[in-house]
Asks: 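Before we start, here is the structure in question, set down as structure tokens.
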Amino acid sequence: MYEACSRVKDNLWPVLQQSAAAALSWWIAGSVFDHHVPLFAPIATLVALNTPVGGRGTNAVRVMSGVIAGVVVGQVAFRFLGHGDAAVGVAVLGALLVALLLDGERITMAQAAVGAVISVAAGQQAGIDRVLDALLGAGVALVFSQVLFPPHPFALLRRTEAATLKGLGRALELAARTLDAAADERGGAAVEGTAPGLHPVERPRPDP
């Protein structure tokens, strides 16, 4: 219970940031770009911000590059193959290969594959909306992570130091418990090996 409360306490501020950023992305996509169901903008924001504080900016760039690569490949597959399972398979394969050429990160590959599937399944306009939403969502994530709430190097070092010391403390505690258990086993074995009624041998005393 203590560890659960500690996790909530340590991550409450980043969670609040993600919630506010997702709401802002939804509002901008619906009000400014007039998207009827702006799903992908807040999703892109959440994916970009769902990483440790120091890597959020890089994550946002990966989201944008993956979505753009996937949509472009998906549009090409849709133009030549139309809808269907073959088009989806070719589009996903091409998008994943392009993502591997870009950086090979899992988030880039996932966003590229999703963008390719949406482009083939929903057509050209959906692919364009997906790119706009991704750019918007990643842009909001960059504003939150680099402008409004930029990472502080000393805070990151303190957090890393605290996590390292906590892990070291747990390792030492486990080692101490293991040594105590081994000592108890050896003591029990020594007691069991002593014959009942056996007394120390007395040395003979010299004659006066």
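In this text the structure is predicted, and so the values were computed from the model without any measurement.
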Asks: Going from CZ on F144 to CG on L24, what distance comes out if it is rounded to the nearest 0.5 angstrom?
Replies: 5.5 Å
Asks: Treating S65 as the side-chain partner and R62 as the backbone partner, does any N or O pair qualify as donor plus acceptor under 3.5 Å?
Replies: yes
Asks: Same cluster or not: are L136 and V143 linked, directly or through other Ile, Leu, Val, Met, Phe, Trp or Tyr residues, by side-chain heavy atoms under 4.5 angstrom apart?
Replies: yes
Asks: Answer yes if L101 and V72 sit in the same cluster of Ile, Leu, Val, Met, Phe, Trp and Tyr residues linked by side chain heavy atoms under 4.5 Å apart, and no otherwise.
Replies: no
Asks: Side-chain heavy atoms nearer than 4.5 Å, only ILVMFWY residues, links allowed to pass through others: does that put L97 and V90 together?
Replies: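 No, because L97 and V90 fall into different hydrophobic clusters, even though each may have its own neighbours under 4.5 Å.
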Asks: Rounded to the nearest 0.5 Å, what separation is found between the CD atom of Q111 and the CD1 atom of I68?
Replies: 11.5 Å
Asks: According to a 4.5 Å side-chain heavy-atom criterion applied to Ile, Leu, Val, Met, Phe, Trp and Tyr, with indirect links allowed, do L96 and V120 form part of one hydrophobic cluster?
Replies: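 Linked within one cluster.
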Asks: State the CD1-OG1 distance between I28 and T45, to the nearest 0.5 angstrom.
Replies: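 Between I28 CD1 and T45 OG1, I get 8.5 Å after rounding to 0.5 Å.
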Asks: List in chain and number order the residues that pass side chain to side chain donor-acceptor pair (under 3.5 Å) with Q18, two or more places apart in sequence or in another chain; answer none if no residue qualifies.
Replies: none
Asks: Please check if V140 and V15 belong to a single hydrophobic cluster, counting links between Ile, Leu, Val, Met, Phe, Trp and Tyr side chain heavy atoms closer than 4.5 Å.
Replies: no
Asks: Looking only at heavy atoms, what is the nearest atom pair of V98 and A69, with distance?
Replies: CG1-CB, 3.7 Å
Asks: Do you know which two heavy atoms are closest between A87 and A77, and how far apart they sit?
Replies: O-CB, 3.9 Å
Asks: For the residue pair W13 and F149, does the interplanar ring angle fall in the parallel (under 30°), tilted (30 to 60°) or perpendicular (over 60°) class?
Replies: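 Perpendicular, since the angle between the ring planes exceeds 60°.
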Asks: Which heavy-atom pair separates V117 from V92 by the least distance, and what is that distance?
Replies: CG2-CG2, 3.5 Å
Asks: Let me confirm one number: the CG-CD1 distance from L39 to I118, rounded to the nearest 0.5 Å.
Replies: 9.0 Å
Asks: To the nearest 0.5 Å, tell me how far W26 CH2 sits from I43 CD1.
Replies: 9.0 Å
Asks: For residues V71 and S119, report the shortest heavy-atom separation together with the two atoms involved.
Replies: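 Looking at all heavy atoms of both residues, the closest pair is CA-OG, 3.4 Å.
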Asks: Less than 4.5 Å apart, any side-chain heavy atom of L49 and any of P14?
Replies: no
Asks: Out of curiosity, L148 CG to L142 CG, how far, rounded to the nearest 0.5 Å?
Replies: 11.5 Å
Asks: What are the two closest non-hydrogen atoms of A99 and A112, and how far apart are they?
Replies: CB-CB, 4.1 Å
Asks: What closest approach, in Å, do A48 and A60 show between heavy atoms, and which atom pair accounts for it?
Replies: CB-CA, 3.6 Å
Asks: Got a donor-acceptor contact below 3.5 angstrom from the T108 side chain to the G104 backbone?
Replies: no
Asks: Below 4.5 Å, heavy atoms only, C-beta onward: do V63 and I107 meet side chain to side chain?
Replies: yes
